[in-house]
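Note sheet for the following structure.
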Amino acid sequence: MFGYEFYIDPERCIGCQACVNACAECDTHRGVPMITVDFLDRRNSIATVPAICMHCDDPTCAEVCPADAIKKGEDGVVQSALKPRCIACNNCVLACPFGIPKMMTKLELMMKCDMCYDRTSVGKRPMCATVCPSQALAYVPPELIARERREKPSNVFQFGNQTVTTKVFMMVPPDVPAVAVDVVDYLWEENP
Amino acid sequence: MAERPLPYAELIARYGPHLNYTPPGGYDEQRENPPDRLVKTHCCFCGQQCGIQLKVRDNQVVGFEPWEEFPFNQGMLCPKGVRRYLQSAHPDRLLQPLMRTPQGFRPAQWDEALDFTVARLREIQERHGKDAVAIYGGASLTTEKSYLLGKFARVALGTRHIDYNGRLCMVSAGTAYKLAFGVDRSPMPWSDIPKAQVAFVIGSNVADCSPITTQYLWRMRDAGGRLIVADPRMTPITRNADLYLPVRPGTDLALLMGMLHVILRDGLEDREFIAAHTVGFDEVAKSVQAYDPLTAARKTGVPPEAIEKAAHWIGEAERAVLLHARGLEHQSKGVENCLAVINLALATGNIGREGAACSMITGQGNGQGGREHGQKCDQLPGQRSITDPAAREHVARVWGIRPEEIPQAGLSAVEILEAIHRGEIKALLSICFNPLVSLPDAGYVREALEKLEFFGVVDFFLSETAQLADVVLAGSLHEEEEGVVCSAEGRVIHIQKAVDPPGSAWQDSRIYIELARRLGKGQYFPYESSREIFEELREASRGGPADYSGITYEKIDSQMGVFWPCPSEDHPGTPRLFEGGRFFHADGKARFLVTEWRESGDPVDGDFPVWLTTGRVVSQYLSGTQTRRIGPLVEQFPHPRVEIHPRLAEQHGIADGDWVTVGTRRDEITLQALVVRTIRPDTVFIAYHWPGGRSANRLTHRTLDPRSKIPEYKVSACNLRKAAGPPDWVRSELTPEYPRPASGLKVVG
């Protein structure tokens with residue numbers, strides 16, 4: 001859908017799994033969800049986090065694929081592996097910095113979120129972002145996010161030396177320019 | 001008499017709960033054959049009543065599609081809404097009446113089942129009097145069915161005993177709101193929530209029980225508002241609370257009185273509003289004098305500074321919303337708790353303005369509408385009192401009978417069971433109610449049902465309660481009969497019929513109309529359709545507080561719902577009540593009412609030193625009759641677990657995943673532990689959706705609030721001990737495909 005972007009705000013997630021159930025019910029998925037919701041540390045917290053494909057500008061999954069099975073469309077959406085090409089080697093599963101691709105062992109095929117191509121191409125929002133009752137997942141125009149949210153969107157992630165820019169945005173506190181997740185990112189070395 | 005006709009294992013092997021995972025014919029079949037049509041209707045699971053579209057093909061519900069135009073939820077759903085369609089075309093569905101025999105249930109023709117039911121009811125009434133028969137209804141029924149049931153009890157059977165499972169829901173709030181405001185409804189549309197500067201959520205697990213409300217709270221915070229959450233557990237919305245008050249179970253009243261104490265001590269009350277629009281302030285002011293923050297802290301376990309801060313945030317805000325649900329209401333002082341919230345709202349002038357109100361969050365599908373039109377033991381249609389002579393006259397005229405023919409008020413849900421135990425009530429006809437799972441002290445419930453001379457049940461699945469019936473009449477699901485319901489907001493909405501009942505199952509209203517006809521009262525039940533029942537209901541409600549006389553099905557469709565009262569066809573409805581400080585009492589003023597502290601009906605002591613509180617999980621609805629049959633919802637949370645703080649767990653040598661026996665003064669059950677820091681260390685929590693060995697309500701007690709007659713589910717005393725191993729229910733109570741409890745330490749909840 002033109003003019004719409006995908007935003008994830010894990011802080012707003014209530015762990016209800018409406019997204020997981022709705023993803024499974026999407027016409028093309030036949031009961032298999034392409035999204036996960038997990039407790040971060042249930043013993044110590046109620047915090048949950050949804051994980052969908054971030055749709056990287058330079059997708060690591062595609063870069064490491066020896067069979068050239070993973071394609072990114074002009075719309076920036078990174079697709080599931082192409083069935084005739086995928087050799088089920090698991091490279092993408094291991095390499096994705098966000099831990100998204102799943103190997104469907106029975107099908108010998110990597111499958112992941114394709115941002116509901118079948119829905120967005122006919123003017124519907126992705127299933128998960130439509131049903132999410134807590135704004136943890138949203139598919140809306142950027143102006144709306146700028147106007148209504150207290151957090152700011154970011155799509156630049158630092159994994160060690162790898163900078164990853166994504167189509168999907170993560171909502172972060174207003175003063176955080178990029179999300180760094182590795183201690184390495186905070187180290188100081190005299191001669192790197 | 002009414003023991004199970006077969007061993008439990010045989011009953012569940014035959015009638016379930018089995019788990020349905022896929023649409024009819026499977027996903028591939030659905031993909032190849034697109035639906036004939038999309039039906040715009042609502043979810044049946046909970047009082048949020050989200051708009052949803054059901055996919056229908058060949059008279060079967062085969063899937064769902066979000067309905068983004070419906071303003072309340074704009075396409076949003078929780079997992080129950082997403083998977084609700086899997087209850088339709090379910091293998092456990094009852095397709096014809098069943099009659100009990102010594103060898104189990106046998107299928108019967110409608111004539112036989114209905115004649116048998118009518119003969120038994122007549123015989124018992126002739127022998128023991130009209131009031132020897134009682135009717136149970138439910139708050140998931142449409143408003144038309146609720147109305148029909150009230151009329152059936154009073155006109156067709158002439159019994160005064162009709163009550164419903166809404167008695168387990170929000171009756172404490174309803175009672176309090178009627179006392180204080182003269183009407184029982186949420187005073188605001190939900191669109192007011194984001195306009196508030198402070199939202200105070202007490203005794204309401206919004207994320208699990210009314211998930212769509214979450215985004216209204218988040219929007220309030222986006223606009224700069226602050227969220228205060230009071231609960232013995234950190235429920236999911238607590239992750240974004242600006243202030244969390246970890247109140248001890250059963251002590252909410254002390255917290256609320258302490259907050260009002262601070263507001264009055266520091267002069268934060270709205271003197272002008274109090275003087276112009278209320279009575280009774282001085283007495284209430286006096287009653288909270290003793291509740292200084294330290295006193296309140298000692299009772300509640302909430303730090304005095306936090307009580308001060310919460311009071312100041314509410315007192316200093318121009319607009320605050322105060323939201324409460326079963327946590328406050330399920331107490332033997334449930335009415336006082338709600339009155340204390342109302343006192344806070346009135347004292348600070350937070351009512352009748354945009355972004356300023358107190359409100360209950362009604363829980364059941366038609367929790368609001370189901371209590372307005374006559375299946376409550378003390379009410380007539382239009383939310384009228386059954387003791388009011390003018391109300392009796394009006395309703396008698398609409399019904400075509402004499403006012404004195406309307407029986408007086410009957411007993412409430414739990415009291416009906418007590419009357420069965422005493423031998424006063426001999427027969428029960430129940431619909432939309434699974435008391436064996438949902439009423440407190442399940443052992444006592446079972447004994448009562450077994451004493452009945454006749455027990456008839458109308459249901460679409462053979463619930464645990466229906467297993468005890470003499471006759472089971474196969475009724476209809478939500479999507480099989482047209483009608484209206486009223487959502488938590490007070491918005492009357494239109495439930496569309498998507499499919500016909502399958503097999504020889506009947507629409508519920510047809511069953512009661514046919515029973516009335518066979519009882520010789522057919523002339524009072526001439527309805528050919530839900531619409532005809534609704535048209536009569538409109539007249540019956542005319543002039544009452546819940547006035548539906550100006551509501552039509554067409555108006556609901558064109559306006560996306562109509563908020564009552566709606567007294568004429570050109571009236572748009574009333575989204576916000578009490579604007580301009582005008583309340584429903586004759587003098588137009590709201591009542592401050594004094595609240596008095598009492599201990600719980602089941603206090604902790606040396607033998608039972610830990611508080612037990614119960615509640616829900618997001619993937620199950622009430623007693624689970626429907627949702628325990630939907631595979632993906634069951635997998636999300638297959639069994640109840642005992643939530644225990646590590647500090648308490650360590651005292652008993654309990655680790656996460658261990659089997660723990662929880663005992664109370666009634667009974668004990670054995671479940672796996674969920675050891676988490678998100679609950680008070682003096683409290684354990686168990687969700688209540690399951691039967692048998694997993695039933696939290698075997699532990700709860702029957703102490704009722706003296707005015708609302710709600711049971712005190714939220715406060716029991718218990719003890720804990722580590723169990724040697726898995727309990728019997730793991731082997732004997734689960735169908736083969738039902739997920740087994742995880743044996744390791746995997747945390748599923």
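Chain identifiers are assigned alphabetically (A, B, ...) following the order of the sequence lines, protein sequences preceding nucleic acid strands; residue numbering begins at 1 within each chain.
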Drop me the distance from [X]'s [atom1] to [Y]'s [atom2], to the nearest 0.5 angstrom.
X: A:Q135; Y: B:T214; atom1: CD; atom2: OG1; answer: 9.5 Å
X: A:R12; Y: B:L217; atom1: CZ; atom2: CG; answer: 11.0 Å
X: A:S134; Y: B:I212; atom1: OG; atom2: CD1; answer: 9.0 Å
X: B:Q74; Y: A:R125; atom1: CD; atom2: CZ; answer: 8.0 Å
X: B:L674; Y: A:R43; atom1: CG; atom2: CZ; answer: 10.0 Å
X: A:D27; Y: B:R31; atom1: CG; atom2: CZ; answer: 6.5 Å

Minimum heavy-atom separation for [X] and [Y], please, with both atom names.
X: B:P66; Y: A:V131; answer: CG-CG1, 4.2 Å
X: A:A22; Y: B:F64; answer: CB-CZ, 4.4 Å
X: B:V676; Y: A:R42; answer: CG1-O, 3.3 Å
X: B:P632; Y: A:N21; answer: CB-OD1, 3.6 Å

| said: Does atom CZ (A:F98) have a neighbourhood of more than 12 heavy atoms from anything else shown, all under 6.0 Å? | reply: yes

| message | Just checking A:E108: does its CD atom have more than 12 heavy atoms from other residues, nucleotides or ligands closer to it than 6.0 angstrom? | response | no

Can you tell which part of [X] gets under 4.5 Å to a heavy atom of chain B, answering side chain, backbone, both or neither?
X: A:C16; value: both
X: A:R147; value: neither
X: A:E148; value: backbone
X: A:C26; value: neither

| message | Does this structure show an ion pair linking B:R83 with A:E25, if we count only N-O contacts that are shorter than 4.0 Å? | response |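 A:E25 and B:R83: salt-bridged.
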
| Do NZ/NE/NH1/NH2 and the carboxylate oxygens of A:R30 and B:D28 come within less than 4.0 Å? | yes

| query | Hey, is the main chain of A:E11 close enough, under 3.5 Å, to the side chain of B:N240 for a donor-acceptor pair? | reply | yes

| Between B:D222 (side chain) and A:R149 (backbone), is there a donor-acceptor pair under 3.5 Å? | no

With the side chain counted from C-beta on, respond yes when [X] and [Y] share a heavy-atom pair under 4.5 Å apart, and no when they do not.
X: B:N73; Y: A:P133; result: no
X: B:M76; Y: A:T130; result: no
X: A:C132; Y: B:Q215; result: no

| Options A:G15, A:A24, A:A47, ranked by heavy-atom pairs under 4.5 Å with chain B, top entry |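 Ranked by contacts with chain B, first place is A:A47.
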
| Any idea which of A:H29, A:E151, A:K124 has the most non-hydrogen atom pairs under 4.5 angstrom with chain B? | A:K124

By a 4.5 Å heavy-atom criterion (distance strictly below it), what part of [X] contacts chain A: side chain, backbone, both, or neither?
X: B:Q30; answer: neither
X: B:R221; answer: both
X: B:R239; answer: both
X: B:Y85; answer: side chain
X: B:T235; answer: backbone

| Does a donor on one side chain and an acceptor on the other come within less than 3.5 Å for B:R677 and A:S45? |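 The answer is no; no qualifying pair exists.
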
